[in-house]
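Owing to the predicted nature of the structure, the values given are computational and were not obtained by experimental measurement.
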Amino acid sequence: MAKIALLIGVSEYQPGLNQLAGSVKDVEAMQRVLQHPEMGGFAESEIIVMQNPQRQHMENAIEKLFDNRKKDDLLLLYFSGHGITDDTGKLYLTNSQTRKYDNGNLVKTTATPASLIHEFMENSRSQRQVIILDACFSGAFAEGMKAKDDGNVDINQQLGGKGRAVLTSSSSSQYSFEQEGEELSIYTRYLVEGIKIGAADTDNDGNISVDELHEYASKKVQEAAPAMSPKIYAVEEGFKIKVAKAPLGDPKLKYRKEVEKYLRDGKISSIGSRILKRYQNQLGLSDDEVKQIQDEVLEPYRIYQANLKEYEEAVQEALEYESTLSQLTQNELKHFQQLLQLRDEDVEPINKKLISFSSLIDEEVKESENKFSQEKQTFSIVENITIPSSEDDLSSEKEIDYTKLRDLLKAGSWKEADYETYMVMLQAVGRKEGDLRKEERLNFPSTDLYTIDRLWTKYSNGNFGFSVQKKILLRIGGKSDGNYQKGAWEQFSIEVRWKVNKDWIFYGDLSFDTSMPVGHLPRRVFSGTSYGRYTGLYLLSHRDL
């Protein structure tokens, strides 16, 4: 029987993918515990380490890991790096050559599909296979094995074979988590810790099985980052594959497990402290040894509290800038919360203390509606404008019918609504084609501008619209003075993802859905020609937005 491990860490990436400094360190840490004779017990010659490999070399190594093996061989594949899913949910593992198109989509030929690894696993004679993936969306590794005839996941049938287990740092829809200032990713850190100190041996039999390792790491990860959900998928005896040894009779390990018992929300109760003091005396541990153990056990809670504090500081800073948080700011806070791997219930006390979410209404939209109501009354009296009868006020100074635009937005037909916006705006300035000229943008009819903007902001839930775009422009340093500012316009175009790496995204390659950045739409009115793009700033400088 042989024990073979392939450890892959990818830290260096092509433009478009963030560098992951911790990934190669993750591999080094895993190598140390696996090859240690009193821990993993893998022979040094049977551990293959790959740091920042190219795609072909990586796939060759994975195939070799599973090929020509015996039934009782233990095969372990560990990967730390970016995991990327395509629009069908299929998972790809990245390498140093992996890159994306300008529109953000993965160039699939530069990454390794999970299905290829599935094939290697299926064809292997080994009946003890362990896969550990520390990557975003890594839970999709098992879900990628869905039967073709329906949408149900049958892990037992699809994974097949005895003794197969897959451990993932996240679910199929989650990002993994890197704690700033830490050398290792949070998931790998606790995998390593569980093996290194033997704490993952929950049944105290001197061995660490796959399910024990998962249970230990998962518990620690969720103490530090509650929104992160490590997963395990296994069949038959896969849960009980022994991956490491643990010391028996170690007083420090005994004390550590007792500390775990008496933790309550990151604190040790007064009675628990008395009990632990008794254990300390019985086990003959010094005060320094006890303090070190308690600090290590409490570390996940420290990380969690640090993230809560950072979120609270972000809310406080936002409130200093805006007395009532706009929809744009709310979206940014939500994204920051997700990056910190905090759940809604984690941040709710902070939100209740600092802000009342029931009153988080976009103040600019509210003011716009009030201004529009006043303007509408004035125009109705002075110019006898006919206001269509509908649930939305579709007023127009130029007798434009906005029914089609409203219905498209209401249906979520964003691309069609974007084009319709372009057409009605041309109508409003008395033309049928071409770009809006500078003077046309600056003198665009106020009532029509209100109507178009209000429809966009309402039916996109505050994500799209001219007023939303103007707010972004002002936040990044633009000015509402009607003058063209190249730097602000360039930065704005990147922020709303009209440009990637300084290159314009072709109109036909845009993603017309609410998953795109706040302010992404409307776009067509800005992008007929380069002239249209660059004079778009004049529209966002409109006095009435």
Judged by atom type as modelled, is there a donor-acceptor pair below 3.5 Å linking the side chain of T110 to the main-chain atoms of R99? yes
Verdict with reasoning, H82 to Y92, per ring pair (Phe, Tyr, Trp, His ring centres under 6.0 Å): CA-CA 9 Å; H82 282 300; Y92 291 78; over 10 Å; no
Atom of A224, atom of I186 and distance for their closest heavy-atom approach: CB-CD1, 3.4 Å
NZ/NE/NH1/NH2 to OD/OE distance under 4.0 Å, K257 and E260: no
Report the relative orientation of the aromatic rings in F464 and H520; use parallel for angles under 30°, tilted for 30 to 60°, perpendicular for over 60°. tilted
Test item: E46 side-chain N/O and A5 main-chain N/O as donor-acceptor pair under 3.5 Å: no
Distance in Å, L342 CG paired with Q337 CD, rounded so as to fall on 0.5 Å steps: 6.0 Å
H214 versus K231, closest heavy-atom pair with distance: CE1-C, 3.5 Å
Any donor-acceptor pair under 3.5 Å from K3 side chain to G40 backbone: yes
Taking A135's backbone N and O only, do any of them form a donor-acceptor pair with S170's side chain (distance below 3.5 Å, no angle check)? yes
Test your reading of the model: is there a side-chain donor-acceptor pair from R497 to the backbone of G519, 3.5 Å cut-off? no
Contact summary for P53 and M50, nearest pair of heavy atoms: CB-CE, 3.7 Å
Between atom CD1 of I4 and atom CD1 of I47, what is the distance when rounded to the nearest 0.5 Å? 11.0 Å
Looking at side-chain heavy atoms only, is the closest gap between H118 and I131 below 4.5 Å? no
Contact summary for I268 and V259, nearest pair of heavy atoms: CD1-CG1, 4.2 Å
Would you say I132 and F79 make side-chain contact, with heavy atoms under 4.5 Å? no
Is there side-chain contact between L308 and I350, with heavy atoms separated by less than 4.5 Å? yes
Check the surroundings of atom NZ in K245: do more than 12 heavy atoms from other residues, nucleotides or ligands lie under 6.0 Å from it? yes
Working to the nearest 0.5 angstrom, can you tell me the gap between H57 NE2 and N60 CG? 7.0 Å
Report, as yes or no, whether the 6.0 Å neighbourhood of atom NZ on K254 holds more than 12 heavy atoms from other residues, nucleotides or ligands. no
Given side chains that start at C-beta, do those of E495 and P517 come closer than 4.5 Å, heavy atoms only? no
Side chain proximity check, N95 to Q56, heavy atoms < 4.5 angstrom: no
What are the two closest non-hydrogen atoms of N207 and E212, and how far apart are they? O-OE1, 3.1 Å
Taking atom CD of E44 as the centre, does the number of heavy atoms from other residues, nucleotides or ligands within less than 6.0 Å exceed 12? no
Where do E28 and K25 land on the salt bridge (Lys or Arg N to Asp or Glu O under 4.0 Å) test, with the steps shown first? CA-CA 5 Å; E28 292 167 354; K25 296 177 181 177; over 6 Å; no
Is the backbone N or O of S169 less than 3.5 Å from a side-chain atom of D134, with the two atoms forming a donor-acceptor pair by type? no
Contact between I117 and L93 at the side-chain level, heavy atoms closer than 4.5 Å - yes or no? yes
Look at K242 together with D201 and state whether they make a salt bridge at an N to O cut-off of under 4.0 Å. no
Check against salt bridge (Lys or Arg N to Asp or Glu O under 4.0 Å), E59 and R55: CA-CA 6 Å; E59 291 177 3; R55 181 189 63 81; 3.0 Å; yes
With rounding to the nearest 0.5 Å, note down the distance linking CG in D72 to CZ in R125. 12.0 Å
For the pair E332 and R475, find out whether any cationic side-chain nitrogen is under 4.0 Å from an anionic carboxylate oxygen. yes
For D295 and K291, what are the C-alpha separation, side-chain angles and deciding distance, and is it a salt bridge (Lys or Arg N to Asp or Glu O under 4.0 Å)? CA-CA 6 Å; D295 286 346; K291 184 181 185 304; 2.8 Å; yes
Taking the side chain as C-beta and beyond, is there a heavy-atom pair between Y216 and I195 under 4.5 Å? no
For the side chain of T168 and the backbone of S138, is there at least one donor-acceptor N/O pair under 3.5 Å apart? no
What one should report as the nearest heavy-atom pair of L248 and N204 is CD2-O, 3.7 Å
Is the shortest side-chain N to carboxylate O distance from K220 to E299 below 4.0 Å? no
Would a 4.5 Å heavy-atom cut-off, applied to side chains only, mark I8 and L77 as touching? yes
What residues form a side-chain hydrogen bond (donor to acceptor under 3.5 Å, both in side chains) with Y301, not counting sequence neighbours? E223
Approximate separation, where rounding is to 0.5 Å, of D73 CG and N68 CG: 9.5 Å
State whether the side chain of T329 and the backbone N or O of L325 hold a donor-acceptor pair below 3.5 Å, judged by distance alone. no
Got a salt bridge between R343 and D346, using NZ or NE/NH1/NH2 to carboxylate O under 4.0 Å? yes
SB check E348 K352 (cutoff 4.0 Å): yes
Backbone N/O of S286 and side chain of E289: donor-acceptor pair under 3.5 Å: yes
OH/Y304 to NZ/K309 distance, rounded to the nearest 0.5 angstrom? 15.5 Å
Where the side chain of S493 meets the backbone of W498, is there a donor-acceptor pair that is under 3.5 Å apart? no
